[in-house]
Number of protein chains: 2
Amino acid sequence: MATIEDVAREAGVSISTVSYALSGKRSITEDTRRRVLEVAQRLGYAPKAAARALAARRSSIIAVTTPLHADTDQTAHMAFAMAVTRAARDHDYDTLLLVHDDALEGMRRSAATSLADGIVVLDVAARDPRADLARELACPVVFIGLPADPEGLICVDLDFEAATRQALDVLRAAGHRTVGLLAQPEDVLARESNYPMRIERAFHRHADELGLSAVVVRPEPAAPARAIETLLDDHPDVSVITVGMTPDPGRPPLPYDAFPLDPGLTCPVAVDLLVRMVDGAVAPAGVTLVPPVQVTRGSVVPVSRRAEVQ
Amino acid sequence: MATIEDVAREAGVSISTVSYALSGKRSITEDTRRRVLEVAQRLGYAPKAAARALAARRSSIIAVTTPLHADTDQTAHMAFAMAVTRAARDHDYDTLLLVHDDALEGMRRSAATSLADGIVVLDVAARDPRADLARELACPVVFIGLPADPEGLICVDLDFEAATRQALDVLRAAGHRTVGLLAQPEDVLARESNYPMRIERAFHRHADELGLSAVVVRPEPAAPARAIETLLDDHPDVSVITVGMTPDPGRPPLPYDAFPLDPGLTCPVAVDLLVRMVDGAVAPAGVTLVPPVQVTRGSVVPVSRRAEVQ
DNA sequence: CTGTTAGCGCTTTCAC
DNA sequence: GTGAAAGCGCTAACAG
């Protein structure tokens, strides 16, 4: 394991020159810079993470908490964790995985030991204990998702309201006059982050604004399919848009138009924010809503052309 | 952020005493030990990870590579990553997540910079480039899964052969004389780690040994259900056992008897092995097969009682 | 049982 | 543009 000293000696310069040549934090004669780089390369030199972290007072590591509620979509979690990891790498950060069992302990520990420079919280629940912890931790924390009370927190989430409104706009533009919402079951409403409620509210309000007649169908946890059947019984020819579903990177997407909850959209924003705070920027406590992006797959059919589609 | 020096001063001892009092690496008078602990507690002291890592030449971090093949079960990956994380915590290690995009680069980097003390490789493919890299890396690596050529590698996997044999034993004991194997599609066989082949081989061999007549049905990638129908057409009353399926922690298990590929079984073994190597134990290059554990859910019905079950 | 001290390998002033 | 040197905060000999 070559050290910076080996490189310095071999290149005939001081260690600070090596450090600067590699970090680019001060100007170096092009000639010596190349020489240093060449030697470093030849010796297979790479700065030790621990030494660098100790001296720079920064670990370049972001911790990620991913609780695993028994009923929550695991695949989505993985997608988010990976998206965060990817975004973090773009800023030269690595990500540490914290397990649910002791999310709180994990957050405390990584803050207290300076293991991580910041924390990203995933799968945020409405009443999430990590929210309170975050408020008292002297360590930057960003939530991906919105707890019931985001006061004093930094949160990033999809703009579900906008997505819902735009979905209605699309349906309306296609000539529909009745819109249905396949809502979340009661039990999910209670536990989950508040986005289902945000969707429902936006749905009703905007349907009103557009003069659409609005129908909400709420599945029973026991027989989820029943709700859909009910909807289809009344309206056999229906256009469909999904709002806030996370695409499964492993499977072909459902054939519906969508305003997806795309990890690739929210996670980079969250990581950007976090990195900026680590770099000492003032904490812009508040909620960042990421604008939705529509995905079209042909499940919205203009009313006028419905006959042809059959 | 209190340092070890603050604690030492406040407790009226030397810093080494503080260090040892906290690590327990040498005996300390019960009295001073308590005093040190009390002060540490009061000051909210926690050893900085970077300083500790630099001095101890050990980061207490394990890196985890989790490629995300488009077609592989994401949920399972998450379960494995979490199981590794949990097992690592039991040894006071944290886990770093490496992304697929540059699994190789990530492994190289965490080894070269001593970011991680060891690496766990998940979702091992038959011909996995990470296998070659592992052989040349001066860093302990453990594979969870078996590549085609495990030469010189340390691998942990479920004993699929044993699971298959035991499944046949169970069926045989229930009075069955014909056994069917719902095999993997060709395309999976080619890419995936070699466990499907191990299952098939063990299936044929042991069926022979037991004098059972063996039928293999291989689904077409395009129409997977067809294979099952074929099987059921010939044998409408069938007992079922699954081998090597990873239970989805988020959903109720399929109602079949099973010899599951349980992350909770393999991951702790792999982490134990890895930690031992980090601690300097000689690398026991080789394959560790974890014995399968049967889960009974009533899908195996004794032939003699079949009529009643209807 | 406890204290002293020499590093661990970098980053970053501070001088030149 | 470059070098010398002072830490960063801890662990682990080594010496009592």
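For clarity, every value in this text was computed on a predicted model and none was experimentally measured. Lettering follows sequence order; numbering is per chain, from 1. Just the heavy atoms: all of them, side chains too, but no hydrogens, waters or symmetry mates, feed the values below.
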Given atom [atom1] of [X] and atom [atom2] of [N], what is their separation to the nearest angstrom?
X: A:R58; N: D:dG9; atom1: CZ; atom2: C1'; value: 18 Å
X: B:D6; N: D:dC8; atom1: CG; atom2: P; value: 11 Å
X: A:E5; N: D:dA4; atom1: CD; atom2: C1'; value: 13 Å
X: B:L43; N: D:dG9; atom1: CG; atom2: P; value: 14 Å
X: B:K48; N: D:dC8; atom1: NZ; atom2: P; value: 13 Å
X: A:R26; N: D:dG1; atom1: CZ; atom2: P; value: 10 Å
X: B:I4; N: D:dG9; atom1: CD1; atom2: C1'; value: 8 Å
X: B:R35; N: C:dC1; atom1: CZ; atom2: C1'; value: 13 Å

Would you say B:K25 places a side-chain N or O within less than 4.0 Å of OP1 or OP2 belonging to D:dT11?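 Checking D:dT11 against B:K25, no side-chain N or O comes under 4.0 Å of OP1 or OP2.
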
Are OP1 or OP2 of D:dG1 and a side-chain N or O of A:S27 less than 4.0 angstrom apart?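 So the side-chain polar atoms of A:S27 do come within 4.0 Å of the phosphate oxygens OP1 or OP2 of D:dG1, strictly under.
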
Close approaches to DNA chain D from residues 9-22 of chain B, in residue order (heavy atom, under 4.0 Å):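 Under 4.0 Å from DNA chain D: B:I15, B:S16, B:S19, B:Y20.
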
Counting only distance, no hydrogens or angles, is the base of D:dT11 paired donor-acceptor with the side chain of B:R57 under 3.5 Å?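 When only heavy-atom distances are counted, B:R57 does not reach the base of D:dT11 through any donor-acceptor pair under 3.5 Å.
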
Shortest side-chain distance from [X], nucleotide among [options]:
X: A:T3; options: C:dC14, D:dC14, C:dG9; answer: C:dG9
X: A:Y45; options: D:dC10, C:dC10, D:dG3; answer: C:dC10
X: B:L54; options: C:dC14, D:dT11, C:dG9; answer: C:dG9

Using 4.0 Å as the upper bound for N to carboxylate O, is an ion pair formed by B:D102 and B:R109?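 No, B:R109 and B:D102 are not salt-bridged.
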
Before accepting this row, confirm whether a basic side-chain N of the pair A:D132/A:R127 lies closer than 4.0 Å to the acidic partner's carboxylate O.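 No, no charged N to carboxylate O under 4.0 Å.
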
Report, as yes or no, whether the 6.0 Å neighbourhood of atom CD on B:E151 holds more than 12 heavy atoms from other residues, nucleotides or ligands.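 At most 12 heavy atoms, drawn from other residues, nucleotides or ligands, come within 6.0 Å of this atom.
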
Just checking B:E136: does its CD atom have more than 12 heavy atoms from other residues, nucleotides or ligands closer to it than 6.0 angstrom?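 Atom CD in B:E136 is packed in, count exceeds 12.
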
Starting at the 5' end of DNA chain C, which residue's closest nucleotide do you reach first, B:T29 or B:A56?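 Of the two residues, B:T29 wins.
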
How is A:A46 classified with respect to the nucleic acid when contacts are heavy atoms under 4.0 Å: base, sugar-phosphate, or nothing?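 It contacts sugar-phosphate atoms only.
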
Remember a base hit wins even if backbone is also touched, and classify B:T32 as base, sugar-phosphate or nothing at under 4.0 Å, heavy atoms.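 Sugar-phosphate contact only.
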
Run A:E38 and A:R35 through salt bridge (charged side-chain N to carboxylate O under 4.0 Å, His left out) and show every step you take. CA-CA 5 Å; A:E38 188 270 317; A:R35 186 150 36 89; over 6 Å; no

So which heavy atom on B:S110 is nearest to which on B:I119, and how close?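 So the minimum-distance heavy-atom pair works out to OG-CD1, 4.4 Å.
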
Is there side-chain contact between A:D159 and A:P291, with at least one heavy-atom pair below 4.5 Å?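 Side-chain contact under 4.5 Å: no.
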
